[in-house]
Engineer: 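I have a structure here, written as structure tokens, and I will follow up with some questions on it.
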Amino acid sequence: MLKVKNSLGNSIQGFKPLREGFVGVYICGPTVYGHSHIGHAKSYVSFDVIVRYLTHLGNRVRYVQNITDVGHLTDDADEGEDKVIKKARETGLEPMEVAETYTNSYFDDMDALNVQRPDITPKASGHIPEQIDMVSKLLDNGHAYEVNGNVYYDVSSFPDYGKLSGRNIDDLVDGFRVEKRSEKKNPADFALWKRAEKGHLMKWNSPWGVGFPGWHLECSAMALKYLGPTLDIHGGGLENMFPHHDDEIAQSEGVTGEPFAKYWLHNNMVTVEGRKMGKSLGNFITLKDAFAGEPPLDKKVRPMVLRYFILNSHYRSPLDFSAHAIESAEKGLNRIEEAYSNICERLQISRNSTGEEGGVPETVNEMVDNLKIDFYAAMDDDFNTASALGGLNKFTRNVNKLLSQGGELNLSVLQPIETVYRELGENVLGILRDAGTRKQNRGATIEEELIRTIVETREELRAARQFDLADNLRDKLEDLGIALKDGADGTEWERAN
RNA sequence: GGCGGCAUAGCCAAGUGGUAAGGCAGCGGUCUGCAAAACCGUUAUUCACCGGUUCGAAUCCGGUUGCCGCCUCCA
């Protein structure tokens, strides 16, 4: 039985979708005004695995993730500027060019991380009529009021306001700065529609004049459109619990009168060497920089390593990023990849040979069964990927033990191991995508033939006990990023990533 | 000031009442011409600190200290 930590009510609950076998998931997507950073990676890798696991359990999942390209201001005060427009002003591009550029950038990075694309990726700017419609309904039923072309949500009209983050309006007011010349009835009221000043880019006609939608509104409108009045799961970053998610609830429930989401899942933040990551703190790490090995990294971070690193902690725990931590993740992942690719390689050989078919030895059955028991128990416990990886590591130790015993392993031993790696390691966790291509020995490119020739020549030198020359070749290849491993069955090579 | 969370070995990190997963690093060994990888063994009598509840607590309760997030934009 899958259990999840529901932020709404702050408790662990059994997971039961509204319709058996169908799960509607809405995850807050990025605001596309810059390249994605390692915080995005944590969020979207975590939710990717959640969606993969729900699918693995046999559910039909509809995964909706918005792209916010309008309305997200740099500041909630009246003088705040739209983030996308600000970037457009700075770069001399059309706002939609900015949005397109960083939407593409986002998906490039997510593809690299083996994050599956959502089923629907609606854009805020493409859903203006839906948003206007929601504002009209909120005005009609008394949850909103208009002042000078601005429309605000009246939080006092929604008794449950703040129920997700556990706040009440009176507490909030103390925390709000005193806004000068505010048109709001209550400082906690938030904008649904904003009047566009002269020269404002990205504006639309509405019943209240020319303007643009408020930040939180797009999520409510698009979730309603594609998933109906009540979502099974709404996910997002912890930092958005208030006000963004509480505002979404107020808007959506204000319109539909039905619960907005059954389960709220919040993923925790990334810190860098113990400190919050922020642009103003100068410790901001984009994914492109991480993949390229820019400081503070001293080497390229393989996307799969970042993915493994993220999944090695719980999505609800903060994750501390450092070059050192990445290094140990890389070595840990290498071990699993190595074992998996060895199994795949042996399987290939075994399929091509006509060796006798033995039964599956008890030890192999036991290994696989134990992994499954550990893995499903971990994942059922609020998607505990760290614990699931613990099981996969234990399994890998047993696989290596089997491999290092030497001797032939027939199909009936190799196949169940390969299958469970593929189903759990790749299909659910998505960390083994690169493993199949690690062993490049069988390639047919000229480069690979050349490497093969060098390796064979070195073998002859070793046989002739010319170790100085042989070691020299190994060092040279190492400098070129080719690692050699001398084993009992000859020398293997692979690219050091 | 208000709300929420965290504190587990040298490092990262699971574990929320039954006697400390896993990874990295370290140490000893097997293998190797050497190296790398892999394998075997080993590494927290103890979970920030002080009290309490319990047959039993890292896990529950109270307090102390430290750190973090949100309340202003952030995944």
Engineer: With both distances kept under 3.5 Å, what pairs with B/rG62, Watson-Crick or G-U wobble?
Structural biologist: B/rC50
Engineer: Whole Å only: how far is the CG atom of A/Asn267 from the C1' atom of B/rC70?
Structural biologist: 14 Å
Engineer: Under a 3.5 Å limit for both distances, which nucleotide forms a Watson-Crick or G-U wobble pair with B/rG10, could you say?
Structural biologist: B/rC24
Engineer: Between atom NE2 in A/His245 and atom P in B/rG69, what is the gap in whole Å?
Structural biologist: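 Nearest whole value for this atom pair: 18 Å.
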Engineer: Between B/rA35 and B/rU16, how far apart are the C1' atoms? Round to whole Å, please.
Structural biologist: 46 Å
Engineer: Base, sugar-phosphate alone, or nothing: which one does A/His37 contact when heavy atoms must sit under 4.0 Å apart?
Structural biologist: base
Engineer: With a 6.0 Å cut-off on ring centres, are A/Tyr44 and A/Tyr106 close enough?
Structural biologist: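 Yes, the ring centres sit under 6.0 Å apart.
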Engineer: My understanding is that a pair needs two contacts under 3.5 Å, Watson-Crick or G-U wobble. By that rule, which nucleotide pairs with B/rG1?
Structural biologist: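 Partner of B/rG1: B/rC71.
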Engineer: Using the side chain to side chain donor-acceptor pair (under 3.5 Å) criterion, which residues pair with A/Asp48? Sequence neighbours excluded.
Structural biologist: A/Arg52, A/Arg307
Engineer: Report each atom pair, protein N/O against N/O of nucleotides 4-9 of chain B, whose distance is under 3.5 angstrom.
Structural biologist:
unit_1: B/rG5; atom_1: OP1; unit_2: A/Asn10; atom_2: ND2; d: 3.4

Engineer: CG of A/Asp486 versus C1' of B/rC31: gap in Å, rounded?
Structural biologist: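 From A/Asp486 CG to B/rC31 C1': 12 Å.
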Engineer: Could you check which nucleotide pairs with B/rC55 in any of the strands shown, counting Watson-Crick or G-U wobble with both distances under 3.5 Å?
Structural biologist: B/rG18
Engineer: Does A/Ser317 place a side-chain N or O at less than 4.0 Å from the phosphate oxygens OP1/OP2 of B/rA14?
Structural biologist: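 Indeed, a polar side-chain atom of A/Ser317 lies that close.
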Engineer: Using the side chain to side chain donor-acceptor pair (under 3.5 Å) criterion, which residues pair with A/Glu366? Sequence neighbours excluded.
Structural biologist: none
Engineer: Checking all strands, does A/Gly39 fall into the base, sugar-phosphate, or nothing category for heavy-atom contacts under 4.0 angstrom?
Structural biologist: base
Engineer: What residues form a side chain to side chain donor-acceptor pair (under 3.5 Å) with A/Ser7, not counting sequence neighbours?
Structural biologist: A/His266
Engineer: Output the rounded distance in Å from NE2 (A/His266) to P (B/rC71).
Structural biologist: 13 Å
Engineer: Could I get a table of every N or O pair under 3.5 Å where one atom is in the protein and the other is in nucleotides 18-22 of chain B?
Structural biologist:
unit_1: B/rA21; atom_1: O2'; unit_2: A/Lys394; atom_2: NZ; d: 3.3
unit_1: B/rG22; atom_1: O2'; unit_2: A/Asn393; atom_2: ND2; d: 2.8

Engineer: Is the distance from OP1 or OP2 of B/rA35 to the nearest side-chain N or O of A/Lys485 less than 4.0 Å?
Structural biologist: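 No, no such contact exists.
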Engineer: List the residues meeting side chain to side chain donor-acceptor pair (under 3.5 Å) with A/Thr385, not counting sequence neighbours, and say none if there are none.
Structural biologist: none
Engineer: Looking at B/rA38, which nucleotide sits across from it as a Watson-Crick or G-U wobble partner, both distances under 3.5 angstrom, or is there none?
Structural biologist: B/rU30
